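Below is one structure, written out as C-alpha cells; comments come after it.
Note that the structure is predicted; figures quoted are calculated from it, not measured. To find a chain, count down the sequence lines: A is the first, B the second, and so on, and within it residues start at 1.
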2 protein chains.
Amino acid sequence: MSLPPRKGRPTQVDIARRAGVSQATVSLVISGGAVSDQVAESTRQAVLAAAAELGYTANVAARRLRGKRNHLLGVYTFEPVFPVDQRDFYYPFLVGVEETTAALGYDLLLFSSVTSAADRSIYAGGVNRLRIADGCVLLGRNVRRDELAALVREDFPFVFLGRRELPDGELSYVAADYVTATSDMVTTLAGYGHERILYLRAIEDTEPTLDREAGYRQGLAAAGLAVDESLIQALADPAELTAEHLEHWIGRYGATAVLIEPTEDTRLTTALDAIAATARIRFPHDCSVALLGDPPTWSPDQRDWTRFSLPRIEMGREAARMLIDLLEDRQDAPRHRSLPCSFVPGDSIGPAPSAGPS
Amino acid sequence: MSLPPRKGRPTQVDIARRAGVSQATVSLVISGGAVSDQVAESTRQAVLAAAAELGYTANVAARRLRGKRNHLLGVYTFEPVFPVDQRDFYYPFLVGVEETTAALGYDLLLFSSVTSAADRSIYAGGVNRLRIADGCVLLGRNVRRDELAALVREDFPFVFLGRRELPDGELSYVAADYVTATSDMVTTLAGYGHERILYLRAIEDTEPTLDREAGYRQGLAAAGLAVDESLIQALADPAELTAEHLEHWIGRYGATAVLIEPTEDTRLTTALDAIAATARIRFPHDCSVALLGDPPTWSPDQRDWTRFSLPRIEMGREAARMLIDLLEDRQDAPRHRSLPCSFVPGDSIGPAPSAGPS
DNA sequence: AGTTGATCTTAATACGTATTAATAAACTCG
DNA sequence: CGAGTTTATTAATACGTATTAAGATCAACT
C-alpha cells in the first residue's frame, strides 16, 4: 500500500498519484469547473476518496494566484481592534461582521498589524496583504486616503465601515446616519426651548464630523433658528474641555445646551465627569449636554449621558452582507448605505434655563 | 516611448521590461534577498524608479505560494459559537492569540463558518478546512476526540488550549495548571482549619476536571488529611445546586468548605447567588466557598468569590508562540506547557466554623 | 595570451491550481 | 471496416514570485 506522502500539506498531485489519475482530473473533480461533469463517476469517487484520506484542502495562495476565491473575508482596522482594556469602540462592528460572515459561509481573516497605530499601512512591506482574502471590510477613524484610493484603483473589493468619500474614485460604505441623528438631537433640544446650542466638533474635516455639522445646521433650520458660526467650535483635544471653557461659552455666547462629538477613547467623558465634579456647572440644570455618538465604553458607574447610539453590530452585519453581494456579483460597486442611529434619552438634557441672565 | 502595460496590476515582468533588465533582477532588488547587494547600484536605482512609476506592489498570493507558507494561523472552537463576544469565557484566549499572531507576522483566520454550520465538523464536506491555515489553535470544552485524532494522524500542526490527551497520538497543548492551583486552594482552606472539604466536580471525565480532582487529592495529602470519597460529588447541572443540597452535605457529611468547578455559563453563579439570597447559608460564615476557575463574566455587581483565575490571555499568547515554533521547525511536536493560575482572595472563604454541631 | 577571480546579470525552475487544447478510447453508422 | 462522433482523460500552460546555478563581462595577474 502506498503510504501517504508525508511531507507537508497534501496537494492535488498527491491525490492524483494516489488515485492513479492526473492532476488535471483532480482539479476538475474538486473545483468542479464547467467541464467537471464530463468526468466519469468512478474516477470522481476515487479522487474524492483519496482527497478525504489525505485531508486535502486547496491552497489559498495558489487559488488566489490563479484568480480564484476562497470564501475568505478580511477585516482591516486602522486602529487596533482587540482591546485589552475595555475601551473598545470598534469591537461591536467586528461582532456584526463575524456573525454575518459565518452565517453566509465565509471565514474571517483578521489583518492585524505589527506596527503601532501611527504608521499602520495596508501596503506595509510593499505588499497588499489584504489580497489574500476575497474582499475586505475596513474600519477606523485615521484612514489613509491614499491607500483607500490605491485599493479602489487596483479594484480590490472592499466596504468601508463609516462614510468615506474620495476625490476621484468612489467606494462602497456602510455608515451611520449622523446627519439625521444630529438634526433630531437639535430638534429635541429646540423642543426644550434651547435656542443657543453650542456645537463642539472635532478639528479634522472627516466625513463623520462633516455629517454631524450638516445635521446641526439642518436641525437648526428645521427649528427656524439661525446659525451662529461662533457657536461652532473645534476641539483639538477633548481633554482641553474644562469648566472654564464651558462657562466662557455659556456666559459670553449665551449657550444653554452643548452638543459634543465623542472620541473613541475616554478623554471626553473623563473631561465631562471632571467638570461635573467641580459642581460649577450642573448638567442639565445649568446647561444641557448631548453626545453625538457613543461614549467609548458603557460602564455601569458612568453617567447616562443623553446621546445617540450607532447601530454598530448591525452596521457590521450590513457591511459583510454588502461585501458578499459585491463578491458574488449581485451588485455593482459602489454601494452606499446609511443606517439610523438610536436616541438614548439619558439624563443630561432638560429645559433651557430661563432667559434672564441671573 | 513604451507605454505602461495597461493590463491589470503591474508585475515584476513589467518593471523588468521598463528598466531593461530581467525579472530575476527585479526580484533581487525588490525583495532584497541574500544576493541582493550584488546588484549594481545603477541598476538598483533604475529598477526602483520603474517600480515607483508603475506603482508596483508585490502580489501576496505569489509570494506565499513561492514561500510555501500562507502566514495564516487558524482558530477553531468546539464550542457552539465563536467567542467573539467579549463576555465569553473564551474571548481572552482569542485576544492573546491575536496579539502574538500579529506580532510574529501572521494573520488570524477565524473558522467561524465551520463553527456555525449545521454539521459542525472540521471535516464538513469531506475536507479539512483547517488546512487553509498553516496551523491552528483549538479551543473548547466539548472536544470531538475523533477529529482531534484525525488531525494528529494527518499530522496537521495545531496546539490545543487546555490539556487534552489522546489514547494513541500525542498532541501539543498549552494548559492552565489546575492541579497546583486546586492543591493550593485546599492548602489555603486547610490553613483556615477546614478538614472536611466538599469537592463538587463536573460529571464528565475531561482533563480539566481530572486535573482538579488530582489537585484536590494532592492538596489533602499535603495537609495530612484523608480523602473521603463521599466528599467528592459530581454535579451534572450546576443549576441543580440548591440550599437543600448544600445543607444536606453540610449536615450529613460535616462539610465546612466547598470547592466548585465553575461552568462557562452563568448557571453556577446564579445558583450560588440564589442560595445566598435564601439567607439559610451564609458564605463564608456557615460554609466557605471557593471556585476552581473563573466565573464566566465579571460584572461589578457580582460577588467577589474566592477563586483562582486562569491566565487566559497569556495562555493564548503562549499557544500562538508554540504553534509558530512548530511551524517554523524550531521545535518538534508534541509540546506541553502549563501556566500557573493566580489566586483571587475574594470574600467567600473564612475560618472553619467551630467543630461542635450546634 | 591565458588563466583565475571578481562582479554583475539572467535563464531556468518550483510553488499549487485552473483551464484550454489536444489525445486517446470507445462507440455509431453507412 | 474505416470515417465520424461522442466521451473521458491528460499534457501543457499561465498566474507572479524567489532562488539557484550558470553565464557574461571585465579586471588582474602570472
Q) When you check every protein heavy atom under 4.0 Å of nucleotides 22-27 of chain D, what one-letter string (B, S, -) results, 5' to 3'? A) ------
Q) Nearest to the side chain of L65(A), which nucleotide is it out of dT10(C), dT9(D), dG16(D)? A) dG16(D)
Q | Nearest to side-chain heavy atoms of V21(A), which nucleotide of dT10(D), dT9(D), dT17(C) | A | dT10(D)
Q: State whether the distance check finds a donor on one side and an acceptor on the other, under 3.5 Å, for side chain Q23(B) versus base dA18(D).
A: yes
Q) Rounding to a whole Å, what distance do you find between Q45(A):CD and dA8(D):P? A) 15 Å
Q: With DNA chain C as reference, determine whether G20(B) or R66(B) sits nearer its 5' end, using the nearest nucleotide of each.
A: G20(B)
Q: Classify the ring geometry between F93(B) and Y90(B) as parallel (under 30°), tilted (30 to 60°) or perpendicular (over 60°).
A: tilted
Q. Atom CG of N70(B) to atom P of dT17(C): distance rounded to whole Å?
A. 11 Å
(Q) Tell me the interatomic distance from R64(B), atom CZ, to dA18(D), atom C1', rounded to whole angstroms. (A) 15 Å
Q. If only side-chain N and O atoms of S31(A) are considered, is one of them under 4.0 Å from the OP1 or OP2 phosphate oxygen of dA18(C)?
A. yes
Q: To the nearest 0.5 angstrom, please state how far the CZ atom of F111(A) sits from the CG atom of D107(B).
A: 5.5 Å
Q. Once you round it to whole Å, what is the distance between P of dG16(D) and CG of L28(B)?
A. 19 Å
Q.
Please confirm whether the shortest side-chain N or O distance from K68(A) to OP1 or OP2 of dT19(C) is below 4.0 Å.
A. yes
Q. Which distance, rounded to the nearest 0.5 Å, do you find between the CZ of R63(A) and the CD1 of I132(B)?
A. 9.5 Å
Q) Atom CD1 of I15(B) to atom P of dA18(D): distance rounded to whole Å? A) 11 Å
(Q) So, using side-chain hydrogen bond (donor to acceptor under 3.5 Å, both in side chains) as the criterion, who are the partners of D134(B) when residues are at least two apart? (A) R9(A)
Q) Partners of R337(B) by side-chain hydrogen bond (donor to acceptor under 3.5 Å, both in side chains), sequence neighbours excluded? A) E318(B)
Q) Can you tell me how far P of dT9(D) sits from CZ of R44(A), to the nearest Å? A) 10 Å
Q. If you find the nucleotide of DNA chain D closest to A61(B) and the one closest to T25(B), which residue's nucleotide is nearer the 5' end?
A. A61(B)
Q.
Check this for me: does the side-chain of Q12(B) come within 3.5 Å of the base of dA18(D) through a donor and an acceptor?
A. no
(Q) I need the CG-C1' distance between D37(B) and dA6(C), as an integer number of Å. (A) 14 Å
Q. Of the candidate nucleotides dT17(C), dT9(C), dA11(C), which contains the atom at the shortest distance from the side chain of R63(A)?
A. dT17(C)
Q: Using whole Å, report how far CZ of R131(A) lies from P of dT17(D).
A: 11 Å
Q) Shortest non-hydrogen contact from S112(B) to T101(A)? A) OG-CG2, 4.3 Å
Q | CZ-OG1 distance between F156(B) and T57(A), expressed to the nearest 0.5 angstrom | A | 8.0 Å
Q: Looking only at side-chain atoms of A58(B), point me to the closest of dT17(D), dT9(D), dT10(C).
A: dT17(D)
Q: For A40(A), report the nucleic acid contact type (base, sugar-phosphate, nothing); a contact means any heavy atom under 4.0 Å.
A: sugar-phosphate
Q: Start with the C-alpha distance between R145(A) and E207(A), add both sets of side-chain angles, then the distance that settles salt bridge (Lys or Arg N to Asp or Glu O under 4.0 Å), and finish with yes or no.
A: CA-CA 12 Å; R145(A) 307 216 170 223; E207(A) 284 82 351; 2.7 Å; yes
Q. Between dT10(C), dG16(C), dT17(D), which nucleotide gets closest to the side-chain atoms of N59(B)?
A. dT17(D)
Q | Minimum-distance nucleotide (side-chain atoms of T11(B) versus dT10(C), dT17(D), dT17(C)) | A | dT17(D)
Q) Is the phosphate of dT9(D), meaning OP1 or OP2, less than 4.0 Å from a side-chain N or O of T43(A)? A) yes
